[in-house]
Number of protein chains: 2
Amino acid sequence: MSTPRRMTLKDLARELGVSTATVSNAFNRPDQLSPALRERILGEARRLGYRGPDAKARSLRTGRSRIIAVILAESLTYSLNDAVASELLSGVAEVLDAQGHTLLLLSARQMQSELPGAASMADGYIVYGLMPSQSLLETLPTQAPLVAVDFDVTGRPSIHVDDEHACYTIARHALRRATRRPGIINLRLTAEACNGPIAPDQRLLSAEQTITRSRLTGFYRALDEAGHDPAAVPMWNIEENTFEVCAPVIEPILDLPDDKRPDLLLCVSDRIALTALTLAEDRGLRIPEDLRLTGFDGIAEGQYRAPRLTTVRQDSVEKGRMAARMILGLTPPASSLLSTELLIGDSCP
Amino acid sequence: MSTPRRMTLKDLARELGVSTATVSNAFNRPDQLSPALRERILGEARRLGYRGPDAKARSLRTGRSRIIAVILAESLTYSLNDAVASELLSGVAEVLDAQGHTLLLLSARQMQSELPGAASMADGYIVYGLMPSQSLLETLPTQAPLVAVDFDVTGRPSIHVDDEHACYTIARHALRRATRRPGIINLRLTAEACNGPIAPDQRLLSAEQTITRSRLTGFYRALDEAGHDPAAVPMWNIEENTFEVCAPVIEPILDLPDDKRPDLLLCVSDRIALTALTLAEDRGLRIPEDLRLTGFDGIAEGQYRAPRLTTVRQDSVEKGRMAARMILGLTPPASSLLSTELLIGDSCP
DNA sequence: CGAGCTAACTGAATCGATCCAGACAGCGAA
DNA sequence: TTCGCTGTCTGGATCGATTCAGTTAGCTCG
């Protein structure tokens, strides 16, 4: 005898003797009906256990789902453990949530030729990081807004920090002190997975992505100005920004004999720099006397330790907010470049 | 002249001279039509740019959205930076994704009396962590499946690790060596925010939540067996599992005079233990000679450092997988207790 | 008084699929 | 020949809302 199926707006309308349009207005457009009737409708709804208009039906009718999808280049496992990606997500969530939208999380790693499940009903897409392939983005609904972060998609707005300037600035700072053997540790330089040293001729060729190219350009300009030959500066590549992947690449560098080991390592992420810092300390190297280190990102972990990491702080939360605002149309969509802040710590004073 | 609006299944059917039912079957039930016709339909769809059935319409008709919502007790910012929550999410995502479902992320912190946006169309809910209030869960659709993790919801299945046994085991291990002044650092003991020492009479009273009660019970049993009076063991409370919040509570403990300072700290999370470890090292205390420390969780950060943290490893990824499997109905829904593993490191050998 | 206007409410079309109940053809068996 | 069966395909009701184009009542104003 209890209600066999869920209450619908139509049931409620019949119960009250008004039209469905009026009930709909009671929930969505209070100005379209008298306050008295509205109260009566909402009261009756509560009494009968009607939870408000069904989201599925509404989304079909209006064409909007109030869902924004974030597509992460890396696997979720990786991204969720990455401080920078996490910050971005918080920024996105903060804005979405203030606007009554919700966040759908996808990883490009698991996307096949078809969008999984309900991903295609998102009202907009935020793509973050170096996508394995652009073709993947073609499965997305073409008319939905899309914003790229730390990545470029032709014809779509993208959000970056000013990587070139940031890298130039931090490298210039680092090179103020006499440096014999600078080195660079980069991230995901090549299309194919490859951990370890990179030959000079491979470098810029493979760096098709804006972000990597910009960073190298910044480093090279500073190196050049300081009288170093950029092409002669050794460079190592790391495939994944985690301790476990960084460590085996960094250990051999630190284990080089004193007269071969770099005395300055420019790292493109704090995670890399912190790994190097920890491993160097384990080996009894003095920081910064024997080895100076710089990072990139400005994550908390690098700032709340001794020695504090010299790095460039980028506001990933703000990047996330910005992307979300654009997607929601609160801000006109336009590519933009956020500025960064040089944080001088003890790892490279 | 280009198509004014998106192609629909009906357009495609008209174009091909078949019924909409047949086109629908071509996409969803290959066995319901001849392979030849199916090929023709899919080919034509590709040619005309039809991307497959609209997810919004499908979800209205079928009643299922292929979306599973995860509701996190803490803010997204916090949860995304917490290694344990991140692991849980990866586990959930792994299973969802293999089953063609997607993950909607919600934080209880931002949930009002109404579910935001599209949250109500999820096919199921996974709630994680100590919810600020149970009433919040009443806004969820009652007929949708729900699984609680590290938390209990009356009448619903929940997933926990065997907290009592784990805490008993690690405390027993720690108390094998002579200990003069053990102490306990706990997490979110009280309903109201409160950082710092907890008076003995406040303790179990306020620990309404299963997880906290179980852990304390385990500790107390081991303390009792080792000849300590549990009620006399000092305890501190911490509101948020982050370095920034932990540090100000822990510093005064470490700054106590030698004959007052605990020589063993049982911490309910690795984050707390690691914070204590770092701060203790800063102060020149010897680990484990001057201070022994135990954690809980077994996060990577505690295992890839020197001294390595003594802790209890819980498999949060597996918790996530399990919750997801139950929600999807791959596993019958039933409360369960996962086992843990004692990891003996250098912080408390 | 009657035209004009506004506020309040209604009826029905519509969004784009799914899926049941059947129609029809072809075929083998009785 | 007739019956039943299987394999294909179709028509149309349905999911639960939103929204447009009215209709009606009541009020104002010249």
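Every chain is numbered from 1, with letters handed out A, B, ... down the list of sequences. Not measured: the values here are computed from a predicted model.
Checked against side chain to side chain donor-acceptor pair (under 3.5 Å), Asp82(A) has the following partners two or more places apart in sequence or in another chain: Asn241(A). The ring pair (Phe, Tyr, Trp, His ring centres under 6.0 Å) search around Phe151(B) returns none, not counting sequence neighbours.
The distance from atom CG of Leu16(A) to atom C1' of dT10(C) is 15 Å, rounded to the nearest whole Å. Distance, Leu33(A) CG to dA7(C) P: 14 Å, rounded to whole Å. Taking atom CZ on Arg14(A) and atom P on dG11(C), their separation rounds to 13 Å, with Å as the unit. The interatomic distance linking Leu12(B) (CG) with dA17(C) (C1') rounds to 13 Å, in whole Å. If you measure from atom NZ of Lys10(A) to atom C1' of dC15(D), you get 10 Å, rounded to the nearest angstrom. In this structure, CD of Gln32(B) is placed 9 Å from C1' of dG7(D), rounded to the nearest angstrom. Rounded to an integer number of Å, the gap from CG of Asp54(A) to P of dG16(C) is 17 Å. Distance CG (Asp31(B)) to P (dT6(D)): 15 Å, rounded to an integer number of Å.
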Under 3.5 Å, which protein N or O atoms sit close to an N or O of nucleotides 18-21 of chain C? Give each pair with its distance.
{"from": "dT18(C)", "atom 1": "OP1", "to": "Asn28(B)", "atom 2": "ND2", "distance (Å)": "2.8"}
{"from": "dT18(C)", "atom 1": "OP1", "to": "Arg58(B)", "atom 2": "NE", "distance (Å)": "3.1"}
{"from": "dT18(C)", "atom 1": "OP1", "to": "Arg58(B)", "atom 2": "NH2", "distance (Å)": "3.2"}
{"from": "dT18(C)", "atom 1": "OP2", "to": "Ser24(B)", "atom 2": "OG", "distance (Å)": "2.4"}
{"from": "dT18(C)", "atom 1": "OP2", "to": "Asn28(B)", "atom 2": "ND2", "distance (Å)": "3.1"}
{"from": "dT18(C)", "atom 1": "O2", "to": "Arg61(B)", "atom 2": "NH1", "distance (Å)": "2.5"}

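Annotation: side chain of Met322(B) is in contact with side chain of Ser336(B) (closest heavy-atom distance under 4.5 Å). Between Leu80(B) and Leu80(A) there is a side-chain heavy-atom pair separated by less than 4.5 Å. Two residues are said to be in side-chain contact when any heavy atoms from C-beta on lie closer than 4.5 Å; Ile68(B) and Asp123(B) meet this criterion. The shortest side-chain heavy-atom distance between Asn81(A) and Thr242(A) does not fall under the 4.5 Å cut-off. With a 4.5 Å cut-off on side-chain heavy atoms, Ile159(B) and Met326(B) count as touching. Taking the side chain as every heavy atom from C-beta outward, Val147(A) and Pro333(A) never approach each other to under 4.5 Å.
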Distance-only donor-acceptor pairs under 3.5 Å for side chains of residues 91-104 of chain A, two or more places apart:
{"from": "Glu94(A)", "atom 1": "OE1", "to": "Arg321(A)", "atom 2": "NE", "distance (Å)": "3.1"}
{"from": "Glu94(A)", "atom 1": "OE2", "to": "Arg321(A)", "atom 2": "NE", "distance (Å)": "2.9"}
{"from": "Thr102(A)", "atom 1": "OG1", "to": "Arg66(A)", "atom 2": "O", "distance (Å)": "3.4"}

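Of all heavy-atom pairs spanning Gln314(B) and Val84(B), the tightest one is NE2-CG1, 4.1 Å. Contact record, Pro30(B) with Arg38(B): CG-NH1, 3.7 Å, taken as the closest heavy-atom pair.
Using a 4.0 Å heavy-atom distance criterion, Leu60(A) is classed as a base contact.
For the contact set between residues 36-50 of chain A and DNA chain D, defined by any heavy atom under 4.0 Å, the members are Tyr50(A).
Each end of the helix from dC1(C)-dG30(D) to dA30(C)-dT1(D) gets its own axis, taken as the rotation carrying the C1' atoms of four end pairs onto the next four within a five-pair window, and the two axes meet at 50° to the nearest 10 degrees.
In this model, the phosphate group of dT10(D) is approached by a side-chain N or O of Ser19(B) to a distance below 4.0 Å at OP1 or OP2.
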